[in-house]
S.K.: 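Following this message is one structure expressed as C-alpha cells.
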Amino acid sequence: MSTIDDFHAWPDAQGRFGNYGGSYVAETLIAPLAELTEAYLRLRKDPAFIAELDRDLTNYVGRPSPIYFAERLTKHVGGARILLKREDLNHTGAHKINNTVGQALVARHMGKTRIIAETGAGQHGVASATVATRLGLECVVYMGAVDIERQKANVYRMKLLGAEVVPVTSGSKTLKDALNEAMRDWVTNVADTFYIIGTVAGPHPYPLMVRDFNAIVGREARAQMLAQYGRLPDVLTACVGGGSNAIGLFHAFLNDRDVRIVGAEAAGEGIATGHHAASLAAGRPGVLHGNRTYVLCDDNGQITETHSVSAGLDYPGVGPEHAFLKDAGRADYVGVTDDEALEAFHLLARSEGILAALESSHAVAQAIKLAREYPKDGIVLCNLSGRGDKDVHTIAEREGVEV
Amino acid sequence: MNRIDARFAQLKAAHRTGLIPFVTAGDPSPEHVVALMHALVEAGADLIELGVPFSDPMADGPVIQHASERAIAKGVGLADVLGWVAEFRQRDADTPVVLMGYLNPVEIHGYARFAREAVQAGVDGVLLVDCPLEESAVLASLREAGLRQILLAAPTTAPARMAALCESAEGFLYYVSFAGITGAGRLSTSDIAARVADIRAHARTPVAVGFGVRDAQSAKAIAAFADAVVIGSALVERLAGADEEGEIAARARAFLEPIRTALDAP
C-alpha cells in the first residue's frame, strides 16, 4: 500500500497534497488568497469559532445526521450490510450546507458583507444563498446559462432566498465557466466580498477549508459506527464530482488502513464513449482552477466538456486531495454510469422509501456493487450526500413521464 | 543574448519606451497569424506577446476569453502556435516573442519537450498567468533552456512579495491590472507612477505596464514612467471579425501606428 505515514498531515503549508493542490493563480488573486489563508488558519484553531460553528451545525443544519441500516436494500442485494450516512436529512437537503455555514462564518469574521458563489446544479448556490441571508449578507450566485435552463427550480429557490443569480454565457456555459466568472468578480470586489467555493477544488486554502467543514461527516460516522456496531466499516463509498462529500466521509478514516475506500465518479454514458465526467478514472494530471489535479482535457491541454445525468458531478476536474489519495493507493476511484445510477435511485426509492439525489445515487450504485463482494456480516458505509427532490423532473423527462 | 534582453538594452540606449502588443494566436484567423505578427512589427512593436488559447482563461477578461474560444473552435493548439513563431522567425530574427497563456497546455505538452521546441521555434520568453513565483519550480526546464520567465506584479502585491518578484524577474516585469480591480480603481496615474518608479528602482529588469491601455493618449501617459507599454484587449477587439490578410494587417497598423508615434514624440 502506501508510504504515507499520516494522511491527516496534509496539505503542507503551501497547500500541497503531495504533487497536487497548490495555488496556481494569477498575481491579482495572490493577495486575497493570502488574506483568506491567514484568517482561516487562525479561525480553525480558535475555540470560540469552533463552538460557534458547532452550534450552527447542531441547531441550524440539524446535525448529527444518522447512519441508517438499509435492511431491505441489503436483503435485495444479498451481500454485506449497506449503511447510509444520511446527509440528505440536513437543512437544504445535502452536505453542501456543512461547508457554506462554515465559510459564511469565516466571511463574517473577516468583515466581508457580500457573498459570491458559483453553482452547477444549484445546490451549492441554494446553500450559499441560505447562509448569506441568515447572516444578513448580500449574495450573488454565478451559474452557467445552460444550467439555469436545466435547474429552474433551484434558480427560483435562490431568488426566494434573496440572492441575485447571474447567468454565465462564456465557454460551455456550465459549472466550470461559472467558477471562472466568480473568480473574476472576486478579484474585482475583494475588499468587501467573500467567495464561497462549493467543493474541495480551487487554490489553497479552499481544498483544505472545504474539506475541514465537511469532515464532520466522517467524524460523526466513525463515532456512530463504533458506538452502534462496535467496529469500523469494511469499505466506504461516496460519489465524487469535485469531491467534497466524499472527502468529508473519507477523511476521518484515512489512517484506518483496514477500511477500504472507493469513490464513485460519473461515467455518464460509459467511459469508453467519451461522454463522462470521470476525471480520476479516465483523466490525467493537469492544472485547472488554481490547483494541480486530475483533469479531463484533450492533447492540446484544453479542458473538455463533460457529461453526467447529475449536474453536480458534471465537472472536468476533482479536488487535489482525491488525486493524492489515488496516487498513494489509499482510495480507488471507479466509474458509475447514468443508467446504473438511475437503477440504484429506483431501487433505493422502492426498498427504503428514500429519494436520493442523482449524485448520491452513483454512490448507492457503487455500494450495491461493493456489498456483493463482502460476506453478509460485512459493512459498506455509503454517503447519501443529498436528497433527490431536485431531480424528479430530470428523471421524469429522461424516462418519458409527464409530471 | 536573449532577444528580450537585447531589445530592452537597445530601447534604453535610444531612450525610447517599448511597445508590446498582445494578440491571441489564431484570432481573428489561424491562416494569417504570421502576417499579423509582421504587421505589428512594421507598425512599431518592439516585442510581441502571443496568446496561447486556453479553454478556461480565468484571469482574462471577456474580450480575450472570446478570442481564445474562437481560436480553439478553429482547432488552434500549442503546436500551431510554435509553428507560427518558427515561420515568423524566417523573416524576423530580432523581434522578441513571448508566449502568454496558462499552464495546462504546457503541462500536457510536457515541460521539457515544450522548452526544447519553443527555443527551436524562436520563442524568447513565457508568461504563464496561473503560475506564480511560488509554483514556478515546474518551469525549471524552461529557464534552463534559455526561455525568460516573465512574472506579473499587481497593485495588490504586498511589499515583501514585490521585493521577491523584483529579485526573481527575468526579461521584464509585467505590472498589470485592469479597470475595476480593488485599489486600482482608486489609484490615480500619479499613484501608479510612484509605484512603478519604486519597482523600477528595485527590479533586476525593465518594467512593462499594462493598465487598460486603449489608445495613444493612455499609452503616452504610462510611457512617462514605464520601460514599456503593453496593449492587449483593445487590439484584440479591433482585430476581431477581420478575416482577410490585408484587412487584418491594415487594422493592426491603423491601431498601433498612432500609439508608436505618440510614444516617440518628445
Side-chain angles (χ1 to χ4, degrees), chain A residues 13-16 19 21-35 38 168-172 176-177 179-193 202-204 283-293 295-305 316-317, chain B residues 52-62 65-66 68-69 71-72 75-81 101-109 114 127-138 151-158 161-162 165 174-186:
Chain A
Q14 279 76 44
R16 298 201 181 96
N19 293 325
S23 199
Y24 292 88
V25 295
E27 184 64 28
T28 43
L29 274 174
I30 297 281
L33 285 168
E35 183 196 7
E38 192 276 321
V168 176
T169 55
S170 55
S172 58
K176 75 179 179 68
D177 308 287
L179 209 152
N180 292 334
E181 208 57 41
M183 283 279 183
R184 288 191 189 118
D185 179 312
W186 194 34
V187 170
T188 309
N189 301 300
V190 66
D192 67 349
T193 298
H204 180 62
R284 47 184 156 182
V287 176
L288 177 66
H289 291 148
N291 66 101
R292 179 184 303 284
T293 185
V295 301
L296 292 169
C297 68
D298 64 20
D299 290 339
N300 281 321
Q302 311 297 355
I303 304 304
T304 45
E305 289 192 17
Chain B
V52 179
F54 180 51
S55 52
D56 293 77
M58 213 164 70
D60 282 301
Q65 172 158 23
H66 289 137
S68 281
E69 285 170 9
I72 291 167
V76 174
L78 187 52
D80 300 301
V81 181
Y102 292 78
L103 212 44
N104 201 55
V106 177
E107 166 116 4
I108 297 303
H109 199 80
F114 170 81
L127 198 176
L128 293 163
V129 180
D130 55 351
C131 189
L133 187 59
E134 292 78 358
E135 304 289 356
S136 62
V138 295
L151 293 170
L152 292 167
T156 50
T157 303
R161 189 179 157 74
M162 190 66 87
L165 293 175
Y174 184 2
Y175 187 76
V176 67
S177 186
F178 49 86
I181 184 175
T182 307
R186 292 190 294 275

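Since this is a predicted model, take the numbers as computed values, not measurements. Throughout, a chain's letter reflects where its sequence line sits, starting with A, and its residues are numbered from 1.
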S.K.: Give the intermediate values and the outcome of side chain to side chain contact (heavy atoms under 4.5 Å, CB included) for residues B/Asn104 and A/Leu288.
M.R.: CA-CA 7 Å; B/Asn104 201 55; A/Leu288 177 66; over 6 Å; no

S.K.: Is a side-chain N or O of A/Arg184 found less than 3.5 angstrom from the main chain of B/Ala59, in a donor-acceptor match?
M.R.: no

S.K.: Side chains of A/His289 and B/Met58: does their closest heavy-atom pair fall under 4.5 Å?
M.R.: yes

S.K.: What part of A/Ser23 gets closer than 4.5 Å to chain B, counting heavy atoms only: side chain, backbone, both or neither?
M.R.: both

S.K.: By a 4.5 Å heavy-atom criterion (distance strictly below it), what part of A/Ile30 contacts chain B: side chain, backbone, both, or neither?
M.R.: side chain

S.K.: Taking atom CD as the centre, does B/Glu134 end up with more than 12 heavy-atom neighbours from other residues, nucleotides or ligands that are less than 6.0 angstrom away?
M.R.: yes

S.K.: Short question: side chain of B/Thr156, backbone of A/Ala31 - any donor-acceptor pair under 3.5 Å?
M.R.: no

S.K.: Side chain, backbone, both or neither: which part of A/Asp299 has a non-hydrogen atom closer than 4.5 Å to chain B?
M.R.: backbone

S.K.: A/Gln302 side chain to B/Pro53 main-chain N or O, any donor-acceptor pair under 3.5 Å?
M.R.: yes

S.K.: Return the minimal non-hydrogen interatomic distance between B/Pro105 and A/Asn300, and the atom names on each side.
M.R.: CB-O, 3.4 Å

S.K.: Looking at side-chain heavy atoms only, is the closest gap between B/Phe54 and A/Ile303 below 4.5 Å?
M.R.: yes

S.K.: Is a side-chain donor or acceptor of B/Asp130 paired with a backbone partner of A/Ala26 at a separation under 3.5 angstrom?
M.R.: no

S.K.: Please rank B/Leu165, B/Val129, B/Val76 by heavy-atom pairs under 4.5 Å with chain A and give me the top one.
M.R.: B/Val129

S.K.: Tell me, out of B/His66, B/Glu69, B/His109, B/Gln65, who's got the most heavy-atom pairs with chain A below 4.5 Å.
M.R.: B/Gln65

S.K.: Where does B/Ile72 contact chain A at under 4.5 Å (heavy atoms): side chain, backbone, both or neither?
M.R.: side chain

S.K.: So which residue, A/Gly22, A/Pro32, A/Ser170, ends up with the most heavy-atom pairs under 4.5 Å with chain B?
M.R.: A/Ser170

S.K.: Name all residues meeting the side chain to side chain donor-acceptor pair (under 3.5 Å) criterion together with B/Thr157; count only those two or more places apart in sequence or in a different chain, and write none if there are none.
M.R.: A/Glu27

S.K.: Supply the atom-to-atom distance B/Ile108 CD1 to A/Asp298 CG, rounded to the nearest 0.5 angstrom.
M.R.: 9.0 Å

S.K.: Can A/Arg292 and B/Glu135 be counted as an ion pair, charged N to O under 4.0 angstrom?
M.R.: no

